[in-house]
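Here is how names work: the chains are called A, B, and so on, in the same order as the sequence lines, proteins then strands, and each is numbered from 1.
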Amino acid sequence: MEFMLHSVATPFNLDYTLDCGQVLRWGKRGGWWYGVVDGNVMKIRQSGGKLIYHTYPERLDGMFIEHYFRLDDDLPRILSKINRDEKMAQVIHRFHGLRIVRQKPWECLISYICATYKNIPAIKDILLALSRKFGRGIKFDGNRFYAFPTPHVLAKAGTNELNVCKLGYRSPYVFETARRFACAELDLDSLRNIGYEEAKARLLAQTCGHKLLPGVGEKVADCVLLFSLDHLDAFPVDVWVKRAVLEFYPQYLDPMLLEKASRRKSITSHEYAVINSFGRRYFGEYAGYAQQYLFYYMRERSRER
DNA sequence: GCATCACCTAGAGG
DNA sequence: ACCTCTAGGTGAT
């Protein structure tokens, strides 16, 4: 199957989009990207203004491709909005065509709960282990792929079985969250068409004195809002984005905070609030796009050194 | 409020 | 082989 990149879908760069760290279940082999999306294996590559793809077992159409890769976003307009200074111009130019992907809320939520305090290779290992153990197997192209496990299966699993997948202290978080999902206490899709603040407050809500979703703090909430619930103004702050803001935008921060923050590698909740609100104010309605370009830029730069 | 600290584990780098 | 540092933070104190 083929998808022609029409004018709205341009620019698009498949490699940047799948390699930038927002999705963790894709891998490139022999010129093709392989991933499991929504229970289907997808094999895809880009050839100039064209996407060539196969999906199995369902034959997913162009509408699906367009929706998943956010090819309906007016990227030139978005990039012009976040292009606020020379540094951003450079970052945007470097990764021109990177798009935010529309992930499934459930998979996105579990992925980022698992991602806390882990490096990306380790996160990919965890998600693969969870899928192998609890997900449905799908044979394709002579390989075996695994769908992401359903809430119901993880809710039945229990923390001991989850721990086999190297979740460590995250096991009870994943287990509890799966239970909330399985008994339909949660409807993340209802957070799509309300404002960012309201949606975030509901994700972080407390019930009976404890968290609705254990393991979900500000960072995880912002990732879920940005990557799966269409809140492009969310601005997740992790150690890389913190470094980026401290290095490129020190003049916008209180000198005291700057001084303290640069001495500490992790992020305090106060620092999170300050950097998050700077990002949202400075970059505006598409701050989430700015965040992803900055994140990828910082990681690539560190890898090159 | 608010700052500090423990936490499971494993990849990356020396 | 072995050790240290760090990792897309969160929850408890």
Side-chain angles (χ1 to χ4, degrees), chain A residues 17-27 95 98 100-101 103 107-130 159-177 200 203-228 234-246 254 256-257 259-276 279 287-305:
Chain A
T17 298
L18 292 180
D19 185 54
C20 73
Q22 61 177 321
V23 282
L24 300 154
R25 294 250 296 143
W26 283 90
F95 300 115
L98 185 166
I100 301 289
V101 165
Q103 303 181 37
E107 179 171 342
C108 185
L109 176 60
I110 296 300
S111 298
Y112 284 95
I113 289 175
C114 293
T116 69
Y117 225 58
K118 283 273 179 197
N119 56 36
I120 288 184
I123 303 162
K124 288 185 169 180
D125 280 353
I126 289 178
L127 297 177
L128 180 61
L130 275 177
T159 51
N160 287 338
E161 275 197 87
L162 289 173
N163 241 331
V164 178
C165 303
K166 308 167 187 175
L167 266 71
Y169 64 81
R170 303 162 193 81
S171 286
Y173 301 160
V174 169
F175 178 62
E176 271 307 314
T177 298
K200 186 166 175 180
L203 268 182
L204 297 174
Q206 313 252 345
T207 50
C208 314
H210 48 71
K211 295 283 279 288
L212 172 67
L213 299 172
V216 178
E218 295 231 19
K219 161 65 169 55
V220 175
D222 278 326
C223 286
V224 172
L225 292 172
L226 174 60
F227 298 130
S228 72
F235 191 81
V237 181
D238 54 68
V239 294
W240 298 99
V241 170
K242 168 180 167 176
R243 284 174 199 147
V245 172
L246 296 190
D254 171 48
M256 273 283 276
L257 177 121
E259 152 77 11
K260 277 189 171 178
S262 47
R263 259 202 306 250
R264 183 184 281 276
K265 48 194 180 264
S266 58
I267 302 162
T268 67
S269 55
H270 179 58
E271 282 166 30
Y272 194 100
V274 169
I275 296 172
N276 174 258
Y289 261 96
Q291 179 273 165
Q292 200 57 38
Y293 274 77
L294 284 171
F295 175 79
Y296 196 28
Y297 179 84
M298 296 306 279
R299 290 200 74 244
E300 287 296 291
R301 196 182 70 172
S302 122
R303 228 175 41 161
E304 285 157 12
R305 291 178 178 172

Which of the following nucleotides, dG9(C), dA10(B), dA7(C), is nearest to the side chain of Lys166(A)?
dA10(B)

Just call it for Lys219(A): base, sugar-phosphate, or nothing, with non-hydrogen atoms closer than 4.0 Å on any strand.
base

Just the rounded figure in Å: distance from P of dT9(B) to CG of Leu162(A).
13 Å

Separation of dA7(C) C1' from Ile126(A) CD1 (nearest whole Å)
11 Å

To the nearest Å, give me how far apart CZ (Phe175(A)) and C1' (dT10(C)) are.
20 Å

Rounded distance in Å - CE (Met256(A)) to P (dA3(B)):
10 Å

All side chain to side chain donor-acceptor pair (under 3.5 Å) counterparts of Tyr289(A), not counting sequence neighbours:
Asp73(A)

Interatomic distance, Leu109(A) CG vs dT10(C) P [rounded to whole Å]:
12 Å

Regarding Ile120(A), tell me which of base, sugar-phosphate or nothing describes its non-hydrogen contacts under 4.0 Å with the strands shown.
base

Could you pull out all residues at least two apart from Trp26(A) that satisfy side chain to side chain donor-acceptor pair (under 3.5 Å)?
Tyr68(A)

Among dA3(B), dG9(C), dG11(B), find the nucleotide with the atom closest to the side chain of His270(A).
dA3(B)

Using whole Å, report how far CG of Leu128(A) lies from P of dG11(B).
12 Å

To the nearest angstrom, the NZ-P distance between Lys265(A) and dT4(B) comes to 14 Å

Over all strands shown, is Glu271(A) touching base, sugar-phosphate only, or nothing at heavy-atom distances under 4.0 angstrom?
nothing

Within the structure, does a side-chain N or O atom of Arg170(A) lie under 4.0 Å from either OP1 or OP2 of dG11(C)?
no

Would you jot down, in residue-number order, the residues of residues 111-118 of chain A having a non-hydrogen atom under 4.0 Å from DNA chain C?
Tyr112(A), Ala115(A), Thr116(A), Tyr117(A), Lys118(A)

Base, sugar-phosphate, or nothing for Val241(A), non-hydrogen atoms under 4.0 angstrom?
nothing

Integer-rounded Å distance: dT4(B) P and Arg263(A) CZ:
10 Å

Taking the nucleotide of DNA chain C with the closest heavy atom to each, which residue, Val216(A) or Pro121(A), is nearer the 5' end?
Pro121(A)

When the ring centroid of Phe227(A) is compared with that of Tyr112(A), is the distance short of 6.0 Å?
yes

If we only count heavy atoms from C-beta on, is the Leu128(A) to Lys124(A) side-chain gap below 4.5 Å?
no

For dA6(B) and dC5(C), measure between their P atoms and round to the nearest Å.
16 Å

For the student: nearest non-hydrogen atoms of Pro236(A) and Leu226(A), plus distance
CD-CD2, 3.9 Å

Are the side chain of Tyr293(A) and the backbone of Leu98(A) linked by a donor-acceptor contact shorter than 3.5 Å?
yes

Look only at the side chain of Gln291(A) and the backbone of Ala234(A), and say whether a donor-acceptor pair between them is shorter than 3.5 Å.
no

Under 4.0 Å, heavy atoms only, any strand: does Gln22(A) hit a base, just the sugar-phosphate, or nothing?
base

dC8(B) and dT13(C), which share atom name P, separated by this distance in whole Å:
13 Å

So, does Arg299(A) use its side chain to make a donor-acceptor pair with the main chain of Trp240(A) at under 3.5 Å?
no

For a quick check of understanding: with a heavy-atom distance under 4.0 Å over all strands, which category does Val237(A) fall into, base, sugar-phosphate or nothing?
nothing

Do Leu109(A) and Ser228(A) have side chains that get closer than 4.5 Å, going by heavy atoms?
no

All pairs passing salt bridge (charged side-chain N to carboxylate O under 4.0 Å, His left out) where residues 219-228 of chain A contributes a residue, at least two apart:
Lys200(A)-Asp222(A)

Would you say a side-chain N or O of Arg264(A) is under 4.0 Å from OP1 or OP2 of dT4(B)?
yes

With a 4.0 Å cut-off on heavy atoms, is Asn163(A) in touch with a base, just the backbone sugar-phosphate, or nothing at all?
nothing

Asp238(A) has a side chain; which of dG9(C), dA3(B), dT6(C) sits nearest to it?
dG9(C)

Residues at least two apart in sequence or cross-chain that pass side-chain contact (heavy atoms from CB on, under 4.5 Å) with Glu304(A), listed by chain then number, are Arg94(A), Glu300(A)

Map Ala122(A) and Tyr169(A) onto DNA chain B by nearest heavy atom, then report which one ends up closer to the 5' terminus.
Tyr169(A)

Check DNA chain B for consecutive Watson-Crick or G-U pairs with both distances under 3.5 Å and list the runs of at least three as stems.
B:3-7 with C:9-13, B:9-14 with C:2-7

